[in-house]
Amino acid sequence: MRKLLSLATAMLLFAGTARAEFPDRNIENIYPWGPGATMAASQVIADAMGAELGVNISVVSTPGAAGTKAFQTALSKPADGYTIFDGYVAPLVLQPMLGKAEWTYEDFTPLWSATSNSFAIVVRKDDDRFPDFPALIAHAKENPGKLRYSPGVTDALPHMVAAKVMQTSDVVAQVVPYPEIDNAVKDLRGGVLDFIVINPGVYTTNKDEVRVLAVLSDLEDASKTYDGAPLVQGFGIDLGMKGLAPMGWSWWLVRKETPEDVVAKLQEAMGKALAREDVQQKLLDMGYVPLGYGPERYAEIVGPVADDLKSGIDAIAWEKEQLQSVK
């Protein structure tokens with residue numbers, strides 16, 4: 001009996017020591033898209049957070065099924081804090097709304113918000129038909145259904161935001177889908193398209209070829225990622241969506257069952273990483289705005305997004321009806 005008690009005591013002490021030492025190995029951040037500028041921004045945060053924890057945090061690209069494959073992969077891992085979700089709006093909020101995922105944002109424990117990237121409407125730099133956004137709207141009203149534009153993939157978030165702006169402005173244009181926005185940029189430059197909807201990463205790569213007419217956000221910092229281009233509200237046009245709803249963003253998460261002391265260490269490390277000025281500047285230089293929302297604001301910030309996104313889905317339906325009427 002004495003031996004059994006000694007063994008049990010030793011196991012409890014070992015368990016306590018192991019928990020106190022978290023993390024004692026590297027951590028993975030499951031990222032829902034393919035490699036690119038957005039993944040590089042996540043790695044900036046991961047590197048700074050890993051430095052705080054004394055381990056490496058690798059960002060692992062796991063694309064597929066509009067981001068839900070990454071969530072499913074992360075959910076299949078133990079709830080021990082060694083797997084973090086890079087929780088983008090599409091798999092976290094939009095796909096559940098569309099009935100393509102079984103979870104809600106309340107099924108996860110938040111660490112911190114990461115970054116946002118607002119969308120913008122751009123034209124060719126040498127296109128003198130549209131000196132500003134009101135000129136584009138005026139042209140579209142005079143020529144309903146004649147302009148051609150692309151948000152990249154249709155029915156996704158950039159398309160919702162663009163459709164909402166056009167619905168608010170009572171104009172309609174032909175939408176042209178592309179599996180990759182880079183191909184839409186090529187066709188804009190070639191004159192096939194009249195305007196496109198891009199994100200800051202695409203803008204940074206193509207800024208010598210395109211001109212921003214309006215940034216589709218009500219966050220002042222969003223203008224900085226487009227070299228000071230005007231927000232759409234500056235033209236007296238109501239975006240019809242507010243806060244984080246009309247933009248891409250991510251909130252780093254862990255499984256709900258993760259031990260509280262482990263969550264606390266991860267939250268503290270991510271908070272310190274995001275507070276570093278060098279980290280914030282790197283993200284801004286890459287075209288991403290650090291959000292800075294702590295875990296206590298998760299429900300307040302993320303909860304209302306679904307209602308605004310519903311209005312974007314409705315706007316796409318409105319756009320389809322309008323295009324049918326002008327054929």
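- Legend: salt bridge (charged side-chain N to carboxylate O under 4.0 Å, His left out) pairs involving residues 240-257, not counting sequence neighbours, sorted by first then second residue: Lys242-Asp308, Arg255-Glu257.
- One distance of note links CG of Leu111 with CG of Leu253; it measures 6.5 Å at 0.5 Å rounding.
- Residue Ser169 comes nearest to Lys141 through the heavy atom pair O-CE, 3.1 Å, listed as atom of the first residue, atom of the second, then distance.
- Looking at heavy atoms from C-beta onward, Lys207 lies in side-chain contact with Asp227 at the 4.5 angstrom threshold.
- The two residues Val212 and Ala229 come nearest to each other via the heavy atoms CG1-CB, 3.5 Å.
- No side-chain heavy atom of Val175 sits less than 4.5 Å from a side-chain heavy atom of Ile316.
- Taking hydrophobic clusters as Ile, Leu, Val, Met, Phe, Trp and Tyr residues chained together by side-chain heavy-atom distances below 4.5 Å, Val192 does not share a cluster with Val123.
- Thr168 has its side chain out of reach of Leu239: every pair of non-hydrogen atoms, C-beta onward, lies at least 4.5 Å apart.
- For the side-chain hydrogen bond (donor to acceptor under 3.5 Å, both in side chains) test, no residue two or more places apart in sequence or in another chain qualifies with Asp307.
- Put simply, OH on Tyr31 and CE on Met39 are 7.0 Å apart, with the number rounded to the nearest 0.5 Å.
- Counting heavy atoms from C-beta on, the side chains of Val122 and Leu188 come closer than 4.5 Å.
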**OP:** Let me see the working for Thr204 and Met286 under side chain to side chain contact (heavy atoms under 4.5 Å, CB included), right down to the final yes or no.
**Re:** CA-CA 8 Å; Thr204 299; Met286 298 170 78; over 6 Å; no

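- The side chain to side chain contact (heavy atoms under 4.5 Å, CB included) test with Ile121 singles out one residue from Ile198, Leu136, Val215, Val232, and that residue is Leu136.
- Note: the hydrophobic cluster containing Ile137 also contains Phe130 (ILVMFWY, side chain heavy atoms under 4.5 Å, direct or indirect links).
- Leu147 and Ala140 get closest at one heavy-atom pair: CD1-CB, 3.9 Å.
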Distance-only donor-acceptor hits, side chain of residues 271-283, under 3.5 Å, sequence neighbours excluded:
residue, atom, partner, partner atom, Å
Lys272, NZ, Glu268, OE2, 3.3
Arg276, NE, Asp278, OD1, 3.1
Arg276, NH2, Asp278, OD2, 2.8
Gln280, NE2, Leu274, O, 2.9
Gln281, NE2, Asp285, OD1, 2.9

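- With a 4.5 Å cut-off on side-chain heavy atoms, Tyr226 and Leu231 do not count as touching.
- Identified under the side chain to side chain donor-acceptor pair (under 3.5 Å) test for residues 181-190, with sequence neighbours left out: Tyr178-Asp187.
- With hydrophobic clusters built from ILVMFWY side chains whose heavy atoms lie under 4.5 angstrom apart, Ile196 does not share a cluster with Val165.
- Under the 3.5 Å distance criterion, the side-chain polar atoms of Arg25 are left unmatched by any main-chain donor or acceptor of Tyr82.
- A search for ring-ring contact (aromatic ring centres under 6.0 Å, His included) contacts involving Tyr298 returns Tyr105, Trp251, not counting sequence neighbours.
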Kindly list each side-chain donor-acceptor pair under 3.5 angstrom involving residues 149-162, sequence neighbours excluded, with atom names and distances?
residue, atom, partner, partner atom, Å
Tyr149, OH, Glu319, OE2, 2.6
Ser150, OG, Gly152, N, 3.0
Ser150, OG, Val176, O, 2.7
His159, ND1, Asp155, N, 2.8
His159, NE2, Glu319, OE1, 2.7

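- No continuous path of ILVMFWY side-chain contacts below 4.5 Å connects Leu291 to Leu284, so the two sit in separate hydrophobic clusters.
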Show me the donor-acceptor pairs, under 3.5 Å and distance only, between side chains in residues 83-97 and residues at least two apart or in other chains.
residue, atom, partner, partner atom, Å
Asp86, OD1, Ser250, OG, 3.2
Asp86, OD1, Trp252, NE1, 2.9
Asp86, OD2, Ser42, OG, 2.6

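- The salt bridge (charged side-chain N to carboxylate O under 4.0 Å, His left out) contacts involving residues 102-112 comprise nothing, where partners must be two or more places apart or lie in separate chains.
- Listed here is the closest heavy atom pair of Gly240 and Ser311: O-OG, 4.0 Å.
- The two atoms that bring Leu266 and Gly81 nearest to each other are CD1-O, 3.8 Å, heavy atoms only.
- Between the OH atom in Tyr203 and the OG1 atom in Thr205 there is a gap of 11.5 Å [rounded to 0.5 Å].
- For the atom pair CZ (Arg211) and CZ (Phe195), the distance works out to 13.5 Å, reported to the nearest 0.5 Å.
- Of the inter-residue distances, the one linking Arg148 atom CZ with Leu193 atom CG reads 6.5 Å to the nearest 0.5 angstrom.
- The distance from atom OG1 of Thr73 to atom CD of Glu28, rounded to the nearest 0.5 Å, is 10.0 Å.
- Within the 6.0 Å centre-distance limit, the rings of Phe108 and Phe71 are counted as a close aromatic pair.
- Of all heavy-atom pairs spanning Leu213 and Phe235, the tightest one is O-CE1, 3.5 Å.
- Under the 4.5 Å side-chain contact rule for hydrophobic residues, Met241 and Ile237 share a cluster.
- At most 12 heavy atoms of other shown residues, nucleotides or ligands fall within 6.0 angstrom of atom NZ in Lys100.
- For Thr38, the side-chain hydrogen bond (donor to acceptor under 3.5 Å, both in side chains) partners are Tyr288, not counting sequence neighbours.
- Not counting sequence neighbours, the partners of Trp318 by the side-chain contact (heavy atoms from CB on, under 4.5 Å) test are Gln167, Asp170, Gln322.
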Donor-acceptor contacts under 3.5 Å from residues 44-67 side chains, at least two apart:
residue, atom, partner, partner atom, Å
Asp47, OD1, Gln43, NE2, 2.8
Ser61, OG, Trp33, O, 2.7
Thr62, OG1, Val60, O, 3.3

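- Looking only at side-chain heavy atoms (C-beta outward), Trp249 and Val302 come within less than 4.5 Å of each other.
- For the pair Leu216 and Met247, the minimum side-chain heavy-atom distance is 4.5 Å or more.
- Taking the salt bridge (charged side-chain N to carboxylate O under 4.0 Å, His left out) definition, one finds that Lys224 meets it with Asp221, sequence neighbours left out.
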Subject >> Asp80/Val262 under side chain to side chain contact (heavy atoms under 4.5 Å, CB included): CA gap, chis, key distance, verdict >> reply: CA-CA 7 Å; Asp80 56 8; Val262 171; over 6 Å; no

